[in-house]
Amino acid sequence: MEEPKNKEFGDLTTNAAMVLSSQIKKKPMELAEEINKEILSKWKFVESVAIIAPGFINFNLKDKFIFESLSKVFSEDGSYGENKSGTGKKIQIEYVSSNPTGNLHIGHGRWGVMGDVLSNIYEKNGYDVQREYYVNDYGTQAKIFAECVKSLYLKKFGIKISYPQDGYPEATVGTVVEKLYKDYGDKFILNRDELITDDAAIEKNAIDMMLSFIKDTLSSIGVEFDNWFLESSLYENNNFETAIKFLRENGLVYEQENALWFKSTSYGDDKDRVIIRGDGNPTYFASDIMYLMNKKERGFDYLIYILGADHHGYISRLKAIGKSIGMNDDAVSIIIGQLVRLVEGKEVLKMSRRKGKGMTLDDLVKYVGKDAVRYFFSMNSFDTHMDFDLSLAKKKSNQNPVFYVQYAHARIGSIIKKLKEIELDNIGEKEISEIENSSADFCTNSIGNMKKYEFKNNSERNLAWVLSLFPDIVYDACKNNAPYFITQYLYRLSGEFHYFYNHNIIISKNRANIIRLVLAIAAKKVLKNGLDILGISAPEKM
RNA sequence: GCGCCUGUAGCUUAAUUGGAUAGAGCAUUGGACUACGAAUCCACAGGUUGGGGGUUCGAAUCCCUCCAGGCGCGCCA
C-alpha cells in the first residue's frame with residue numbers, strides 16, 4: 001500500500017491484486033473486487049474505493065480519520081514520528097574516519113552529516129546507536145606526518161633537517177606545529193647538541209592535535225561521535241598475536257613468499273590479501289580484520305560503514321572478513337557515498353587534499369553556515385554524485401531551500417505571537433499559554449470537539465494528510481538508509497503549509513479559526529521534529 | 001583491460017524499489033501584499049529518462065550492447 005503518484009487517484013493505492021494475480025491464478029480485476037469486498041469494505045476509516053484497470057485499488061480515507069490522527073502529534077509531541085521497530089537492537093555506524101594527517105575536505109562533511117542524520121534516524125526507530133570514528137594513528141602515514149611535523153618544529157629552533165619528499169602540505173602541518181610550539185615550547189628536544197628528540201611524543205601529540213582540529217570542525221556542523229576508536233589500540237597487549245593465532249587456527253591464512261596471506265577469495269573477495277608483509281610489518285588490512293573482530297566482540301547486531309566512493313573496493317573485502325569470522329551477511333552493511341564535486345558556476349574545481357589545495361570543510365562552513373551545510377548534504381541520496389556549487393552557496397539566502405523550510409516554521413511562530421497581540425473572542429489567556437507551553441490540552445481538546453469535522457478545502461486536508469505521514473517517513477528512511485527522505489519530506493510539508501497559509505485565513509478580526517490554528521501548530525511541531533533529525537535549527541523568527 | 005557508481009527539463013535533482021499523465025526547486029515569462037511575515041503564493045513554458053535492442057498487461061527502474069563521466073583495482077594507508 002502506498003501513496004499514489006497522482007493525488008487524483010485517492011489517498012492510498014495498492015497494486016496487490018496485480019502482484020498476487022500470477023501466484024493465485026486469478027484475473028487482477030476479479031482479485032481486486034475480492035480484496036475490496038473482503039477487506040476494504042470492512043475498514044471503518046475508508047470513505048470510498050475505486051477499482052481501476054488493470055487492477056489498481058484506490059481509496060480515500062474519511063476526513064474525520066485524518067483529522068483525528070493529528071491528536072498523536074500533540075500527545076506524542078517531541079517523540080511524534082518515532083517507532084519501536086529497532087528496540088533492543090544495537091547498531092554501530094562508523095563514518096568520516098579521515099586520517100588525522102590533514103584537514104577535512106568537503107566530502108568528509110557529506111559523510112559526517114549523512115552519518116549523523118542516519119544515526120538520528122536509527123535512534124528514532126528505537127535502535128541503540130553508537131557513532132564511531134576510526135582513527136588511523138598507526139602505521140606509515142602517521143609516521144610520515146610525524147616526520148613532517150618534526151621537520152617544521154625543529155625549524156622553529158633554527159635546526160634544519162630535510163622535509164619528507166612525499167610529505168604532507170606544509171601549510172597544514174604548519175598549523176599543527178604552531179600549536180605544538182605554543183603549547184609545549186622546546187619540550188620535545190631532549191638534547192639540542194646531539195639532536196636527540198622525543199619522536200614518539202612528537203608523533204602522539206601531532207596526531208592528537210590534528211585530531212582535535214578535526215573534532216572542532218565536525219562540532220561546528222553538529223557532528224559528534226560517541227567513540228573515537230584508535231587503530232593503535234588494536235596493537236596493544238597481545239591483540240595482534242592473538243588475532244593471527246585465531247586466523248591460523250581456523251585455516252583462514254597461508255604463507256607465501258615470506259608473507260602471510262588472508263584467504264579472502266574463499267569468502268567472495270576477488271583476490272587474497274596480505275596481512276603481514278615480508279618485512280614482518282602488518283598491513284592496513286590486518287587492522288581491518290582486527291577492527292571488525294573487535295566490533296563483533298562489542299556485541300552489535302548491525303554494523304554500518306559509510307565510505308566514500310574512493311573506498312568502494314572495500315566492500316568485498318570487508319564482507320569477506322565478516323563472513324570468515326562468522327557474521328551474518330546482512331549484519332554488516334557498507335554504504336558507499338559518491339564523491340562531492342566542487343563547482344564554481346560552470347567551472348569544476350580540482351581538489352587535491354595531498355597538495356593542500358581546494359576548499360576545506362572549515363572554509364565551507366564559514367561560507368554558508370551550519371544549517372545550509374547540513375541541509376545540502378542531507379538532501380540527496382548516497383548514490384548521487386553531487387555538485388556543490390560555490391557561487392550558489394555564496395548567494396547565501398535567496399534561493400536556498402533551507403530557508404524555505406525554516407521560514408515555514410518561523411511563520412507559524414509569528415502566528416502564535418500574533419495571538420497574544422490581538423484580543424480574541426474565542427481564545428483566552430489560558431489557551432494561549434497552553435499553546436505556548438507546548439501543552440497539548442488546547443489542541444487535543446479542539447480535535448476532540450470536532451466530532452464531525454469535514455475539511456473546508458483541499459489545502460486543509462492535504463496539510464493534515466502530510467502531517468499524518470511523518471511516522472511512515474521516519475520508518476522508511478531507516479529501512480532504506482535514506483536520510484534524504486526526511487529532507488524531502490520537510491520540503492514537501494513546508495510547501496503544503498505555505499500553500500495552506502496563503503489560501504486560508506487563520507486569524508481574522510477578533511476570531512481565530514480553531515481548526516486551522518490546530519493544523520498550523522501541528523505543522524510547527526512536525527517541522528521541528530524533522531529539523532531535529534537533520535540537526536538544523538528551527539527558528540521562531542528569521 | 002576488469003570491477004563499482006552514475007547519466008532524467010538550460011542547471012541541481014525526485015520518482016515510495018516494476019505501476020497510472022516522469023514530479024519539484026533554481027533560472028526564464030506573466031500575475032498576487034491598506035488581512036495572520038511576499039525568504040511566500042498562483043499561472044505559463046520547458047522531457048524520445050545518453051543511444052539502440054530485449055523481457056511483460058506495464059520499464060527511468062530488470063537483462064544485453066554501445067556511448068559519456070566519476071572512482072577503484074599494491075607485500076600504500
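This one's a predicted model, so the numbers in the text were calculated from it and none came from an experiment. Chain letters run A, B, ... following the sequence lines, proteins first, then strands; residues in each count from 1.
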Show each protein N/O and nucleotides 1-3 of chain B N/O combination with a separation under 3.5 Å, one pair to a line.
| unit_1 | atom_1 | unit_2 | atom_2 | d |
| --- | --- | --- | --- | --- |
| B/G3 | N2 | A/H312 | NE2 | 2.4 |

List, with names and distances, any nitrogen or oxygen atoms from the protein found under 3.5 Å away from nitrogen or oxygen atoms belonging to nucleotides 13-16 of chain B.
| unit_1 | atom_1 | unit_2 | atom_2 | d |
| --- | --- | --- | --- | --- |
| B/U13 | OP1 | A/H385 | O | 3.4 |
| B/U13 | OP1 | A/D387 | N | 3.2 |
| B/A14 | O2' | A/Q488 | NE2 | 3.3 |
| B/A15 | OP1 | A/Y484 | OH | 2.8 |
| B/U16 | N3 | A/E3 | O | 3.0 |
| B/U16 | O4 | A/E3 | O | 2.7 |
| B/U16 | O4 | A/K5 | N | 3.4 |

Name the pairs: protein N/O against N/O of nucleotides 44-46 of chain B, kept only if under 3.5 Å.
none

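Closest to the side chain of A/N480, out of B/G70, B/U17, B/G37, is B/U17. Across B/G37, B/A77, B/C41, the shortest atom-to-atom separation from the side chain of A/Y499 is found for B/C41. Of the listed nucleotides (B/U6, B/C36, B/A77), B/A77 has the atom at the smallest distance from the side chain of A/Q141. The side chain of A/Y407 has B/A39 as its nearest neighbour among B/A39, B/A20, B/C75.
Inspection of the A/N513 and A/N504 side chains reveals no N or O donor paired with an N or O acceptor under 3.5 Å. No side-chain donor from either of A/N481 and A/S333 sits under 3.5 Å from a side-chain acceptor of the other.
Of the P atoms belonging to B/G10 and B/C5, the separation is 27 Å, rounded to the nearest Å. One C1' atom belongs to B/G23, the other to B/C64, and the distance between them is 30 Å to the nearest Å.
Rounded to whole Å, the distance from OH on A/Y501 to C1' on B/A38 is 10 Å.
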Side-chain donor-acceptor pairs of residues 482-489 of chain A under 3.5 Å, sequence neighbours excluded:
| unit_1 | atom_1 | unit_2 | atom_2 | d |
| --- | --- | --- | --- | --- |
| A/T487 | OG1 | A/S378 | O | 2.7 |
| A/Y489 | OH | A/V466 | O | 2.7 |

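Across all strands shown, A/K271 has heavy atoms under 4.0 Å from sugar-phosphate atoms exclusively, and none from any base.
If you take CG on A/L318 and OH on A/Y267, they are separated by 15.5 Å, rounding to the nearest 0.5 Å.
RNA chain B lies under 4.0 Å from at least one heavy atom of each of the following residues of residues 274-291 of chain A: A/V274, A/R277, A/G278, A/T283, A/Y284.
In this model, the phosphate group of B/A77 is approached by a side-chain N or O of A/T140 to a distance below 4.0 Å at OP1 or OP2.
Where stacking is scored as ring centres under 5.5 Å apart with planes under 30°, A/F9 registers as stacked on the base of B/A20.
Shortest non-hydrogen contact noted between A/L339 and A/W111 is CD2-CZ2, 4.3 Å.
Base pairing in RNA chain B gives the following stems of 3 or more Watson-Crick or G-U pairs, range against range and under 3.5 Å: B:1-7 with B:67-73, B:10-13 with B:23-26, B:29-32 with B:40-43, B:50-54 with B:62-66.
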